[in-house]
Amino acid sequence: MTFPQRRLRRLRGSDAIRRLVGETSLSINDLVAPLFVREAITDPIPIQSLPGVVQNSQDSLEAEVQRLVDLGIPALILFGIPAKKDAEGSEAWNPDGVVQVALSRLRDRFGDQILLMADLCVDEYTSHGHCGIIDSNGVVQNDATLELYARAAIAQAVAGAHITAPSGMMDGQVSAIRSGLDGAGHTDLPILAYSAKYASAMYGPFRDAVDVTIADGGNRQGYQQDPRNRREALEEVRLDLAEGADMVMVKPALTYLDVISDVRAEVNVPLGAYHVSGEYAMLKAAAANGWIDGDAAAIEVLTSIKRAGADFILTYLAAEVAERVLA
Ligand code: PBG
């Protein structure tokens, strides 16, 4: 008996034929490694809720980046944990701030061997943990925050960033950053906009990683997207492109594969997806319990994000997957 499905099954019979006809392939070239650097520490500090990820000192960061370079990973994205926070988040644009110091050290040592992306937001630097300055009622002041973002972008560019990645979801942030950069002569620095960024429970471990607690039990639902909404992601992406974004991002990844697919169909610019801290932590927790095969699950998850349409993936799995599976 031959069923029509035989045609499909005939193409699944060996690893070689599956590789030949595979529509999607995951490569080391698709990976961006998120890294944390903390001011005023000498030894790296493990992050409990992100097994295998640490808050780096400047020295341990350099060692970690050397490993990424050796693995052939094309990019990293840097987050900073300052020694002191204030209401405005001024360490975000201090030329001697933790990320700026890290950028200049890494750029000096590694040149263009690996792209240095700098996350651009003030939440790691504000005493209240919001992505912008707040009024006396605790409400984020969108327009007043834009000037601070432009300052931070210029500080990152001066320090040696290859790409700035605004993640704060302030309206007008891309154009404010573009004109700030252009005005300071950094016309060639690309902007990767976190365009479709949802107010997600999946950022939990990241907040541990950067020591952020939002004041008064607050949240980001006033400025990040509502998980119920699909169409507004396209609106956010279009507006960011109109403001001058060079690349766009969807975040988180797995719970928003439909959004990745929509954005891919809509735009021609490179599309990133952020497989975020909570997504990584869930996978690691299940693997540590022996409930799933961690490496196999990692490849399946990352492949699904590419299949949905992402060109590259920001993921805490980058180094281990590059080392154990893709190399
Ligand atoms: C904001 C920012 C966040 C993440 C990346 N940039 C947290 C937030 O919006 O609350 C989360 C990344 C992750 O969970 O891995 N600076």
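Atoms within a ligand are numbered from 1 in the order they appear, just like the ligands themselves. Only this structure's heavy atoms are used, side chains among them; waters, hydrogens and symmetry mates stay out.
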Q) Pairs in or reaching into residues 12-57: which pass ring-ring contact (aromatic ring centres under 6.0 Å, His included), with residues at least two apart or in two chains? A)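 As it turns out, the ring-ring contact (aromatic ring centres under 6.0 Å, His included) pairs with a partner in residues 12-57, which skip direct neighbours, are Phe36-Phe79, Phe36-Phe206.
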Q | Pairs touching residues 142-164 that satisfy ring-ring contact (aromatic ring centres under 6.0 Å, His included), sequence neighbours left out | A |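 ring-ring contact (aromatic ring centres under 6.0 Å, His included) check on residues 142-164 returns no pairs.
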**Q.** Residues Arg238, Glu243: salt bridge by 4.0 Å N-O rule
**A.**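 Looking at Arg238 and Glu243, the cut-off is not met.
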**Q.** Qualifying side-chain hydrogen bond (donor to acceptor under 3.5 Å, both in side chains) pairs with a residue from residues 244-261, counting only residues at least two apart or across chains
**A.**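 Residue pairs with at least one partner in residues 244-261: there are none.
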Q) Can you pull the residues with any heavy atom under 4.0 Å from ligand 1? A)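 Correct list: Phe79, Asp119, Cys121, Asp123, Glu124, Ser167, Lys197, Met202, Tyr203, Phe206, Arg207, Arg220, Gln224, Lys251, Tyr274, Val276, Ser277, Tyr316.
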**Q.** Rounded distance (nearest 0.5 Å) linking atom CG of Leu68 with atom CD1 of Ile114
**A.**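 That separation rounds to 4.5 Å.
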**Q.** Val140 and Met170, any side-chain heavy atoms less than 4.5 Å apart
**A.**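 Counting from C-beta outward, Met170 and Val140 do come under 4.5 Å.
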